[in-house]
Each structure stands twice: as C-alpha cells, then as structure tokens.
Protein chains: 2
Amino acid sequence: MVTIDDVARLAGLSKSTVSRVINNYPHVSPAKKQKVYQAMDALGYVPNSSARSLRNKKTQMIAVLVPRLMNPFFGQLVESMEIEATKNGFQLLICQTMYSKETELGHLELLKMKQVDGMILASLENEWETVSEYLPYGPLVMCNEFEDSANIPIIKLDQIHGGYIATKHLLRQGHRKLAYCTGGHKSMVGQHRKIGFEKALKEHGLTFENRYGFFSAYSIEHGIEVFKQIHQMKDPPTAVFTGSDEVAAGIITGAKEYGVDVPGELSVIGFDNQVISKIMDPKISTVEQPIELMAQQSIQVLIETIKSKDFPKRERYEFPLELIIRESTVSGPLRAV
Amino acid sequence: MVTIDDVARLAGLSKSTVSRVINNYPHVSPAKKQKVYQAMDALGYVPNSSARSLRNKKTQMIAVLVPRLMNPFFGQLVESMEIEATKNGFQLLICQTMYSKETELGHLELLKMKQVDGMILASLENEWETVSEYLPYGPLVMCNEFEDSANIPIIKLDQIHGGYIATKHLLRQGHRKLAYCTGGHKSMVGQHRKIGFEKALKEHGLTFENRYGFFSAYSIEHGIEVFKQIHQMKDPPTAVFTGSDEVAAGIITGAKEYGVDVPGELSVIGFDNQVISKIMDPKISTVEQPIELMAQQSIQVLIETIKSKDFPKRERYEFPLELIIRESTVSGPLRAV
DNA sequence: CTGTTAGCGCGTTCAT
DNA sequence: ATGAACGCGCTAACAG
C-alpha cells in the first residue's frame with residue numbers, strides 16, 4: 001500500500017506538505033504543489049479513509065434507517081438520499097430494521113462506534129425516549145416518521161392534510177359509508193392520516209365507524225383479504241380509504257374476482273402515487289408524496305448539523321401532499337371535486 | 001469519548017488485556033475478564049471503528065453497485081444483501097451508478113481508499129478491462145451481471161434458459177410472429193436472454209425478425225410506446241417477449257387503451273415476477289428469478305474471499321429460472337405447456 | 001496469563 | 001512556505 005510517506009519521499013518533500021496539498025491549504029508554493037501532484041499519480045496514491053477518519057473524527061458516512069427496502073416508497077426514498085449524499089461527499093450506509101426493535105437498536109450502535117457521522121431515521125420502532133439516548137453520540141434527523149416530543153430536525157409530509165383531501169374527495173363523490181384501511185396504528189404517519197380522515201368526516205356530520213376500520217393492511221394480499229371482509233358485510237361501505245397503493249390495488253383485485261365494479265359499486269383511493277396506481281385497471285386515485293424533496297432536505301439538514309458540530313436543533317419541515325384523481329373513485333364524468 | 005485506555009484504567013489493567021477480552025482471546029483469567037466487562041459498561045464503552053479499521057486493515061464494510069434502487073429488482077436484491085451482510089457482521093454501503101460510467105468509476109475508488117473490504121457488482125457500465133484494474137485493491141464479485149472474461153466469482157441466473165422457456169411457452173401457444181422487447185443491448189443479461197429467445201425460435205424453424213425487435217424499453221411508459229408502434233404495423237406480431245414485468249404491464253396498458261384484447265389478440269410475457277405481474281388484469285405470465293438466493297450467495301462468496309485474503313478465484317454459480325404462467329399468454333383453457 | 005512497546009496512515013500544532 | 005514530531009484509538013508482537 002502506498003502511503004503519504006511514499007509520496008513525500010518521491011516528491012522530495014515532507015508529509016506535512018503533501019497533506020497540505022491534498023486538503024488544499026492556502027499557502028503552498030505552486031512549484032511544490034506540482035511536484036506533489038506528479039508524485040501522487042505516479043504512485044497512484046489515494047488517501048486511506050480509515051486513517052483520515054481516525055484523525056479527523058469524521059467518517060463522511062451517514063446511515064439511513066428504513067423498515068425494509070422492498071417497499072417501493074423506501075426504495076425511492078433511499079435512491080434520492082444516496083444521490084444527494086454522494087453529491088455532498090458523503091457515503092450512505094443502509095440499515096433495515098425489518099420492523100424489529102432490537103435490530104433498530106443494533107443499527108443505532110453505529111453512532112457509538114463512530115462509524116457514521118449521523119443518521120436519518122425513516123423508521124422508528126422503539127420509543128423516542130429510548131432512541132434519544134443515542135443523541136449524544138451523533139446527530140439524528142427524522143424523515144417521514146415523526147414524534148412531537150423529539151427535539152431534532154424533522155422532515156415530514158403533511159399527513160393530516162393528505163388524509164383529509166383524500167377523504168374529502170370521497171365525500172364529495174357522495175359517499176357516506178367510508179372504510180378506513182391502513183397499516184399499523186403505531187406509526188405517527190398513520191395516526192395523522194386518521195386525524196385528517198376524521199376531520200373530513202366531521203365536516204360532513206359523520207364519525208369514524210369502528211366496524212369500517214382495518215389497521216393491519218400493508219400489502220396487496222392484505223388488500224384482497226380486506227375486500228373479502230368488506231364484501232361479506234351486510235351494510236358494506238361504498239368507498240375505502242387506504243394507506244398505500246398496494247393495498248388499494250389488492251382491494252381492486254379482490255373486487256374483480258368477486259365481480260364487484262370499481263368504482264361503480266366500490267370506490268377505492270390509494271396513497272403514494274406509485275407506478276402501480278397508474279396502470280391498474282381502473283387507474284387508482286391516490287395522494288402524491290414529494291419523496292425526492294423530502295429525501296434531499298433530510299440529507300442536507302443532517303449534513304449541515306454534522307458540519308455545525310452543534311447539537312441538532314428542533315426544526316420542522318413539512319411538504320405538501322397532492323390529490324391525484326384517477327378512475328378508481330370516479331364513475332362517469334367528474335362531479336364536483 | 002471513552003477509549004480503551006479509560007476502560008483499562010478503571011479496571012486496573014492494561015490496554016492489551018482489555019483488547020483481549022473485547023476480541024475474546026483465549027487466555028484471559030475469568031476474574032479479570034469480569035473486571036473488564038464491568039468497567040466497559042460502567043463507562044458505556046464501545047470500540048471506535050475507525051481505529052479498528054486502521055489497525056486491522058479491514059473495515060467490515062462492503063459496497064454494492066447497482067444502477068438505481070427504484071427498480072424493484074434491485075430493491076429486492078439490495079434488501080436481501082443487507083440482511084445477509086448484517087448477519088455476517090458486515091455493513092452494506094450502497095452505490096448507484098445511475099447508468100453512468102464515470103459515477104461507477106467514482107464508486108470503485110472506495111476500494112483504493114480502503115473504505116470497503118470488497119465490492120459486489122450488480123451493475124457494469126464500464127468495460128471489464130477497465131474495472132478489472134481495481135482488482136488489486138480488493139475483491140470483486142459479480143452478481144446478476146456477468147462477463148465471461150472476468151476471472152472472479154460470478155453469481156448469476158441462467159438467462160439463456162430464461163429467455164428460452166418464456167419463448168418456448170409462447171411458441172407452444174401457437175404463436176409464430178414474436179416481438180422481442182427489452183432494455184439495452186449492452187448488458188450481458190439481455191444478450192443471453194436474446195440467445196435463449198433465438199434458440200427457441202430456431203427449434204420452430206423461425207429466425208429473429210429485426211422489425212419485431214425493440215431494444216430500449218425499460219419502463220411502463222416505454223411499454224405503452226412500444227405497443228403503439230406494434231399496433232400500427234401492417235403485419236403485427238401476435239405475442240411479445242419483454243425484459244421486465246413493468247414493460248409488459250405497459251404494453252398491456254397500451255393495449256387496453258386501444259381496445260386490443262390481451263391475450264386474445266396479443267399475448268405478452270414479462271420477466272421478474274414482480275408484484276405487478278400478479279395484479280395486472282390480465283395477470284402477467286412471467287419468469288421468476290431467485291433474487292434472494294443470488295443475493296445471499298453473492299454476499300457469502302465475497303465475504304469468504306475477503307477472509308481468505310487470496311485473490312478472488314474464477315468461480316461460477318448459476319441459479320435456475322422458472323416459468324410462471326398466468327393470464328397474459330393463455331386464452332381459455334391451457335394448451336400444452 | 002498479563003503488561004510494555006511500537007506502529008497502522010494521517011493531520012496538525014509548533015517551530016523555523 | 002515548509003518540516004519535525006506527536007497522537008487519534010486500537011491491536012499485535014515481544015517479554016516476562
């Protein structure tokens with residue numbers, strides 16, 4: 001392995017000078033600078049990153065915590081994060097919690113080992129109280145997930161409004177019996193959507209009906225299952241709000257199997273605006289989430305915090321969601337939207 | 001920051017002894033071992049990973065090179081890799097090439113910086129000749145992608161057979177005018193599928209027809225576009241082989257718009273067995289790829305190579321592909337399969 | 001079984 | 001503007 005000493009020797013200079021040109025310090029004579037550059041690529045020298053990290057106490061790496069990557073939402077999120085991180089000279093370490101508290105905690109240890117300079121939490125399995133204990137070891141930023149009591153930067157979407165506009169759309173189409181079908185009570189994301197859902201309901205003099213609530217639907221298969229349950233009800237809902245396009249697609253798939261017309265007999269709205277929503281038949285009405293913006297902002301805020309060397313500050317960034325009306329909620333010509 | 005010295009001091013022992021218990025060396029007296037453990041968690045000590053890396057010349061990190069994560073194939077691949085890496089005490093660094101040669105080369109530099117112990121190439125934008133120059137800096141393993149001249153481990157799928165069985169299925173359904181619609185000539189994956197395609201054709205006395213060839217279809221949108229082109233032909237194909245379920249979905253979507261029945265007037269076969277293939281209407285016949293197995297094997301082989309400290313050996317692992325017949329290629333009752 | 005010592009490769013005072 | 005020397009935190013000889 002070729003080290004900075006080798007370069008120094010070949011250039012007839014000292015390590016210090018070589019180090020200075022590597023990190024482009026101001027006061028180095030152009031002549032010697034040239035000699036160093038020549039020696040460097042004559043030897044094919046590249047600085048050793050472990051040595052730098054040890055010396056600088058900075059690894060130029062950040063980690064992102066996600067439940068799992070197969071979920072297209074997180075795939076997109078991480079894709080955008082990697083691009084933004086690379087652009088800023090950072091590497092992205094990927095950590096899947098697989099919805100496990102222990103696994104999440106294990107990944108958090110990276111902070112203590114100083115293996116990463118900071119971490120983005122796009123998943124939160126443990127209580128914030130537990131997670132916050134890692135704060136002294138490096139900056140944390142939340143992305144998408146959130147927790148009001150957390151005094152760190154949080155980059156999120158306006159999920160209340162998301163739930164609201166989707167529901168409002170259903171109500172405006174004349175529906176009064178709305179099912180609510182999402183994954184996981186636990187996540188604040190889901191809770192906020194429900195608040196938006198209920199807010200819209202209330203404006204029309206309605207309240208949440210427990211028999212129309214389904215809280216463990218994450219996948220297409222779950223969607224199919226939920227449809228079957230709905231189908232057997234004696235007083236079934238005429239529309240269903242879902243937490244993801246996959247679940248919506250599942251419900252539609254189930255409806256097809258049973259010969260139930262969507263949106264004629266049952267309207268379905270998704271969430272995420274994934275590709276799947278554009279090609280299902282009927283095309284799925286959904287809520288678009290500005291994933292890329294959120295990812296970029298998260299990276300930028302984290303990197304700023306890292307550079308500032310301060311404790312992360314309590315900051316909130318919220319991006320808007322947008323209703324996208326397609327076919328799964330609208331039969332015939334559009335009514336008032 | 002609490003260091004190994006702090007622990008040693010508190011335990012009333014030397015650094016070496018502490019180091020020995022951390023790395024569980026055989027000959028340490030149980031009594032002192034206890035003292036060390038007590039001191040360690042009294043102080044909340046965690047070894048600094050940069051220091052370890054510098055000393056051991058091993059970072060316990062591997063990188064995976066993919067085109068981009070949004071593609072569900074790579075999402076699944078990376079998900080499985082992360083799990084397997086974590087299980088083996090390694091971290092996974094994610095590197096997207098975004099289909100750019102320069103970006104790919106940039107990521108390869110991680111090897112020179114000794115930031116990772118090895119790298120998995122699930123993408124190959126540059127010539128192998130170019131990439132192979134990085135071999136002296138750390139082990140490389142190819143996954144999914146391949147290159148015959150590369151004397152490194154390659155974990156791949158039998159794409160020739162995949163192309164063959166899909167095509168054979170179409171031919172057995174009675175089709176004689178087959179379109180071929182995939183992304184990118186460049187990749188060996190695509191080339192092998194085409195070999196399989198032509199092999200099947202040949203067995204039925206047919207040859208590849210250039211006017212039926214489409215080579216830049218990656219997405220749903222491309223699929224729709226391709227359908228339009230097919231639709232305008234005076235002597236259109238009756239079946240189309242595609243390189244991904246997304247493209248197949250696009251073609252089906254296009255067909256719907258123009259009122260062309262699938263599979264009645266046009267059969268379409270996908271590739272990958274992504275969720276989308278299960279919920280399109282009609283459900284898409286496709287070829288299942290054992291992504292998880294391939295990912296696990298890649299990680300294992302790479303880690304073995306890293307540990308052996310030898311140069312990577314020329315090895316080939318090939319996993320089988322499986323035809324999955326659904327609705328997009330079969331009208332009415334199944335004929336011979 | 002345990003402690004002392006010497007680097008790993010780099011950046012950074014502190015001199016000059 | 002440049003060089004000498006020290007130390008980041010850790011592991012691995014080498015002694016004993």
Side-chain angles (χ1 to χ4, degrees), chain A residues 1-37 39-40 43-61 109-117 137-138 309, chain B residues 1-37 39-40 43-61 109-117 137-138 309:
Chain A
M1 155 172 278
V2 30
T3 77
I4 198 172
D5 289 285
D6 300 323
V7 178
R9 204 170 306 125
L10 181 60
L13 296 165
S14 74
K15 299 190 335 183
S16 336
T17 308
V18 176
S19 174
R20 284 184 189 108
V21 336
I22 290 171
N23 303 288
N24 30 228
Y25 260 61
H27 303 300
V28 182
S29 79
K32 317 231 165 189
K33 208 174 222 167
Q34 273 314 310
K35 295 196 109 181
V36 171
Y37 281 133
M40 271 179 26
L43 297 172
Y45 169 75
V46 174
N48 178 295
S49 83
S50 302
R52 291 190 114 171
S53 300
L54 178 58
R55 183 62 240 234
N56 297 333
K57 297 186 177 312
K58 283 272 172 284
T59 59
Q60 297 293 111
M61 292 205 303
E109 291 288 319
L110 291 175
L111 243 26
K112 289 192 181 171
M113 308 191 302
K114 298 282 170 209
Q115 188 161 351
V116 297
D117 295 337
Y137 303 104
K309 310 200 114 201
Chain B
M1 157 173 277
V2 30
T3 77
I4 198 173
D5 288 285
D6 300 323
V7 177
R9 205 170 306 125
L10 181 60
L13 296 166
S14 75
K15 299 190 335 182
S16 340
T17 308
V18 176
S19 174
R20 284 186 187 106
V21 337
I22 291 171
N23 303 288
N24 31 231
Y25 260 59
H27 304 300
V28 182
S29 80
K32 317 228 166 193
K33 207 174 222 168
Q34 272 314 311
K35 295 197 107 182
V36 171
Y37 282 133
M40 270 178 26
L43 297 172
Y45 169 75
V46 175
N48 178 295
S49 84
S50 302
R52 290 189 116 171
S53 299
L54 178 58
R55 183 62 239 229
N56 296 334
K57 297 186 177 311
K58 284 271 172 287
T59 59
Q60 297 293 109
M61 291 205 303
E109 291 289 319
L110 290 176
L111 243 26
K112 289 192 181 171
M113 309 192 301
K114 298 281 171 210
Q115 187 161 353
V116 296
D117 295 337
Y137 303 104
K309 311 201 112 201

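Letters go in sequence order (proteins before strands), and every chain restarts at 1.
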Seminar exercise, completed: For nucleotides 2-7 of chain D, 5' to 3', base contacts (B), sugar-phosphate-only contacts (S) and non-contacts (-) with protein non-hydrogen atoms under 4.0 Å give BBB-BB
For this session: Quickly work out the B:K58 NZ to C:dC8 P distance and round it to whole Å.
Result: 17 Å
For this session: Mind grabbing the angle between the end helix axes of the helix from C:dC1-D:dG16 to C:dT16-D:dA1? Five pairs an end, 10° rounding.
Result: 40°
Problem set entry | Euclidean distance, atom CG of residue B:D5 to atom P of D:dC8 [Å, nearest integer] | 8 Å
Exercise. Around atom NZ of A:K112, are there more than 12 heavy atoms of other residues, nucleotides or ligands at under 6.0 Å?
Worked result: yes
Problem set entry | Check: A:V18 main-chain N/O paired with A:K32 side-chain donor or acceptor under 3.5 Å | no
Exercise. Hey, does A:M113 have a side-chain heavy atom less than 4.5 Å from the side chain of B:R52?
Worked result: no
For this session: State which of C:dC10, D:dT11, C:dG11 makes the closest approach to the side chain of B:R52.
Result: D:dT11
For this session: Without swapping roles, check the side chain of B:T59 against the backbone of B:S53 for a donor-acceptor pair under 3.5 Å.
Result: no
Seminar exercise, completed: For A:S50 and B:L54, the nearest pair of non-hydrogen atoms, with its separation, is CB-N, 3.8 Å
Exercise. So, is A:N56 close to the C:dC10 phosphate, meaning a side-chain N or O under 4.0 Å from OP1 or OP2?
Worked result: no
Problem set entry | Flag, side chain of A:N23 to backbone of A:Y25, donor-acceptor distance under 3.5 Å | no
Exercise. Between D:dT11 and B:K57, is there an OP1 or OP2 to side-chain N/O distance shorter than 4.0 Å?
Worked result: no
Exercise. Donor-acceptor pair, A:N56 side chain versus A:K58 backbone, under 3.5 Å?
Worked result: no
Exercise. OP1 or OP2 of D:dA13 less than 4.0 angstrom from a side-chain nitrogen or oxygen of B:Y25, does that happen here?
Worked result: no
Exercise. Atom CD1 of A:I4 to atom C1' of C:dT12: distance rounded to whole Å?
Worked result: 11 Å
For this session: Take A:S14 and A:T17, measure what side chain to side chain donor-acceptor pair (under 3.5 Å) needs, and give me the verdict at the end.
Result: CA-CA 5 Å; A:S14 74; A:T17 308; 3.3 Å; yes
Exercise. Nearest-Å distance, NZ (B:K114) to C1' (C:dC10)?
Worked result: 16 Å
